[in-house]
Q: 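First, the structure itself, so that you have it in front of you.
Chain letters run A, B, ... following the sequence lines, proteins first, then strands; residues in each count from 1.
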Amino acid sequence: MNFINTNLPYLLAGISVGGQYALIAIGYTMVYGILRLINFAHGDVFMAAGLIMIYAVTVMPLYVAIPLTLAATVLIGFLIERAAYKPLRTAPRMSVMISAIGVSYLLQNLALYVTGGLSKMYPTIPWISDTVTIGTATTKMVTLITPVLTLILVIALVAFIQKTKIGMAMRAVSKDFETSQLMGIKINSVISATFIIGSFLAAVGSLLYFTNYAAVIPTSGAMPGLKAFVAAVFGGIGSIPGAVIGAFIIGICENIIKGVGLTTFSDAFTFVLLIIILVFKPTGLFGEKANEKV
Amino acid sequence: MTKKISTSTIISAALVVFLFALVFVLEKVMNPYSMLFVVLKKGAIYALVAVSMNLLNGFTGLFSLGQAGFMLIGAYTYAIFTIPADQRLSVYQYFDGGIIDFSIPVIPALILAGLAAAFFAFLIGLPVLRLKSDYLAIATLGFAEIIRAFFQWDALGPVTNGSNLLKKFPTFDSTIFPFAVAGICIALIVMLINSSYGRAFKAIRDDEIAAEAMGINLFKHKEMAFVISSFFAGVGGALLAMYQTTVQAMAFKSAMTYEILLIVVIGGIGSVTGSVIASFLFIACSEWWLRFLDTETFIGAWQVPLLRSGFRKVVFAVIIMAVVLFYRQGIMGNREFSVDRLLKKRQKFIEKQAAKKASKEGR
């Protein structure tokens, strides 16, 4: 009981961060499932959502700023796919990955230019920034909202993929890219839909994530992005429930390590976990086994 | 058997000698603080690291993103072993002067830096090199991050100085030094690429399964390419430490690896000379030629829009995206710049002219 009492704040923070990682990780896992691409720019889209929010609240009320942020982030995700990935659809996978790294570099430099290199204060969103006390721990409301909201969004997404026509098309494309094209599925619109969903969830994640942090800087997206990707790999890339479970495990472990006093290693731990998983179970917890064809 | 020395070899050697002489003379006559020398020094260092990355990505087909981590190991190894004994107390001020109380000369330290990086690469390669393409990329990227965290760990402070700066180690003044070290290392890499091992690497790149069927030990050759590439990345890291005069683990982020990867792509994946040319261009653009974009400029009373701090990097990133999207071959594709080819081209040109003349006269 004593252990739980002293570690409760870290556990709560872990669950909260885990939920935020989960929202980013879904974007990675869906894109990878369909395009077999590690979308290195996804973390930077997440950062861009944070910056858009900061600029939006300076000129408009909050209830307009939040929908606008979501819409603008979705637009960014859509445009990135159209401009940087679509022209390379027949190119080798390595070229697309390099293009993703290039987009990430561009977004970071653009953010650096727009902010002038200054860190921007994230606005306080009423209600979700309120303080609450649970047992021995004092935390923000966002800590409680995140896991609930994450679960609602994930259930909605899974229902979307299982029940709707476009969801069915997504599953078909991720099974076999070329055959689904022959079956009359418009892969470009399916891929666009994937990016739109991924960016939307990343934007929601950024609203929750940056509430816990004072400021957004151009490289704010890099680390959460990488960790969310690790979560996606951990859960089995291509699997949405896998990504969510992976994200919660990583978020909780990372914060407990911080609680033990090894803060330097909280980032490194994620990657140790990644390498262990890749070596012993390369397809992750729920991933499908891929056979290599000659 | 004696090898015949062809004219093209002589011309190539002469070009290299001329280049070194040019750098030497320029340094004597020009202002030593000119941006040109910054570009030449940093360009030479990046050229070495880019070529080492190209050995992996371009010639062996291993998509590794761990270069910054190995540079970090090289930079730290060099710095730790060369800080003069009497300076250690001031550098390791929080750790009672550290636990190492000797220092070694520069050249052995450079080699040691390479060896340390190679040793870590050997250990990391054992589990990681069995992974395929993008999984390998993300695992090596992860290792670079782990290494960075490890070097900042306070418990290792007596050796690495924790997250504080390492400084006061010997550095270089002359541009010739990085040129010579990078030149020798790149020459060694080129010799490796042209050896039978190099051909095995290329076979693995083109088709792993076919290569294995031909009797190439996949793991052995991949591990070899990985270790050798890391050795040179380590030496490059040590040179970078000398250039910067201070080392801090913070600086070796994945962004550094991305920059080097972009240099390799711009130069052409699978071209050593391409990587070298692209390094100098990349550094020249980012440090020198595009500087004007960062300063607010007025033409008469009209202020040129957009120009302010940071715009240079945006333009730069757009150029890189354009290369990646529309000019995928890069500067050199997978060819090399060689005197031999130029000579042949000239020969062909002359023959063509002669043929034209002949056909005209025949008419």
Q: Can you name the nearest heavy-atom pair linking B:Met321 to A:Leu106, along with the distance?
A: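 Nearest heavy atoms, B:Met321 then A:Leu106: CG-CD2, 4.2 Å.
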Q: With a 4.5 angstrom heavy-atom cut-off, which part of B:Ala137 approaches chain A: side chain, backbone, both or neither?
A: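 Contact with chain A: side chain only.
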Q: Please state whether the side chain, the backbone, both or neither of A:Ile275 comes within less than 4.5 Å of a heavy atom of chain B.
A: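 Just the side chain, heavy atoms under 4.5 Å.
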Q: How would you list, in number order, the residues of residues 247-258 of chain B that have a heavy atom less than 4.5 Å from chain A?
A: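 When heavy atoms of chain A are the reference, residues 247-258 of chain B contributes B:Tyr258 within the under-4.5 Å range.
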Q: Checking A:Leu226 against chain B: side chain, backbone, both or neither under 4.5 Å from a heavy atom?
A: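 When you check distances to chain B, only side chain atoms of A:Leu226 fall under 4.5 Å.
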Q: Just wondering, more than 12 heavy atoms not from B:Phe119 lying within 6.0 Å of its CZ?
A: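 Not more than 12 within 6.0 Å, no.
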Q: Do you know the tightest heavy-atom contact between B:Leu325 and A:Ala83?
A: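 Smallest heavy-atom distance, with atoms named: CD1-O, 3.4 Å.
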Q: Look up atom CG in B:Leu65 and atom CE in A:Met97, then write down how far apart they are to the nearest 0.5 Å.
A: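 It is 6.0 Å, given to the nearest 0.5 Å.
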Q: Return the option, out of B:Ile147, B:Asp207, B:Ile138, B:Ile269, with the maximum number of heavy-atom pairs under 4.5 Å with chain A.
A: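 Of B:Ile147, B:Asp207, B:Ile138, B:Ile269, B:Ile138 has the most heavy-atom pairs under 4.5 Å with chain A.
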Q: Within this structure, what is the CZ-CG distance for the pair B:Phe311 and A:Asn109, rounded to the nearest 0.5 Å?
A: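 Nearest 0.5 Å value for the CZ-CG distance: 11.5 Å.
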Q: Would you find more than 12 non-hydrogen atoms of other residues, nucleotides or ligands less than 6.0 Å from B:Lys313 atom NZ?
A: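 Atom NZ in B:Lys313 is not crowded, with 12 or fewer foreign heavy atoms closer than 6.0 Å.
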Q: Please look at A:Val230 and chain B and tell me whether the side chain, the backbone, both or neither of the residue comes under 4.5 angstrom of a heavy atom of that chain.
A: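 The answer is neither part of A:Val230.
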Q: Let me know if A:Phe269 has heavy atoms under 4.5 Å from chain B in its side chain, its backbone, both or neither.
A: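 It is neither, since no heavy atom gets under 4.5 Å.
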Q: What option among A:Phe40, A:Tyr105, A:Tyr32 has the most heavy-atom pairs under 4.5 Å with chain B?
A: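 Option with the greatest count: A:Tyr105.
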Q: Under 4.5 Å from any heavy atom of chain B, what part of A:Arg36 do you find: side chain, backbone, both or neither?
A: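 A:Arg36 touches chain B through backbone heavy atoms alone.
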Q: B:Ile320, B:Leu131, B:Val323, B:Val128: which one forms the most heavy-atom pairs within less than 4.5 Å of chain A?
A: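 So the answer, after comparing B:Ile320, B:Leu131, B:Val323, B:Val128, is B:Leu131.
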Q: Just wondering, do B:Val315 and A:Tyr113 contact through their side chains at under 4.5 Å, heavy atoms?
A: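 No; the side chains remain at least 4.5 Å from each other.
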Q: Pick one of side chain, backbone, both or neither for B:Phe316, based on which atoms fall under 4.5 Å of a heavy atom in chain A.
A: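 The side chain, not the backbone.
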Q: Of all of A:Ile38, A:Ile98, A:Leu274, which one pairs up most often with chain B through heavy atoms under 4.5 Å apart?
A: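 Among A:Ile38, A:Ile98, A:Leu274, the one with the most close pairs to chain B is A:Ile98.
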Q: Checking heavy atoms, do the side chain of B:Val318, its backbone, both or neither come under 4.5 Å from chain A?
A: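 Both backbone and side chain of B:Val318 come within 4.5 Å of chain A.
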Q: Kindly check if the number of other-residue, nucleotide or ligand heavy atoms within 6.0 Å of NZ (A:Lys281) is above 12?
A: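 More than 12 within 6.0 Å, yes.
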Q: Do you know which of A:Gln108, A:Met223, A:Met94 has the most heavy-atom pairs under 4.5 Å to chain B?
A: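 With the most close heavy-atom pairs to chain B, the winner is A:Met94.
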Q: For A:Leu278, which atoms come within 4.5 Å of any heavy atom of chain B: side chain, backbone, both, or neither?
A: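 Both parts, backbone and side chain.
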Q: Verify the neighbour count for atom CZ of A:Phe177: are there more than 12 heavy atoms of other residues, nucleotides or ligands below 6.0 Å?
A: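 Counting neighbours around CZ of A:Phe177, more than 12 heavy atoms of other residues, nucleotides or ligands fall under 6.0 Å, so yes.
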Q: Take a 6.0 Å sphere around OH of B:Tyr327 and say whether it holds more than 12 heavy atoms from other residues, nucleotides or ligands.
A: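 Incorrect, the count does not exceed 12.
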Q: Tell me, out of B:Arg312, B:Gln152, B:Arg130, B:Glu145, who's got the most heavy-atom pairs with chain A below 4.5 Å.
A: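 The residue among B:Arg312, B:Gln152, B:Arg130, B:Glu145 with the greatest pair count is B:Glu145.
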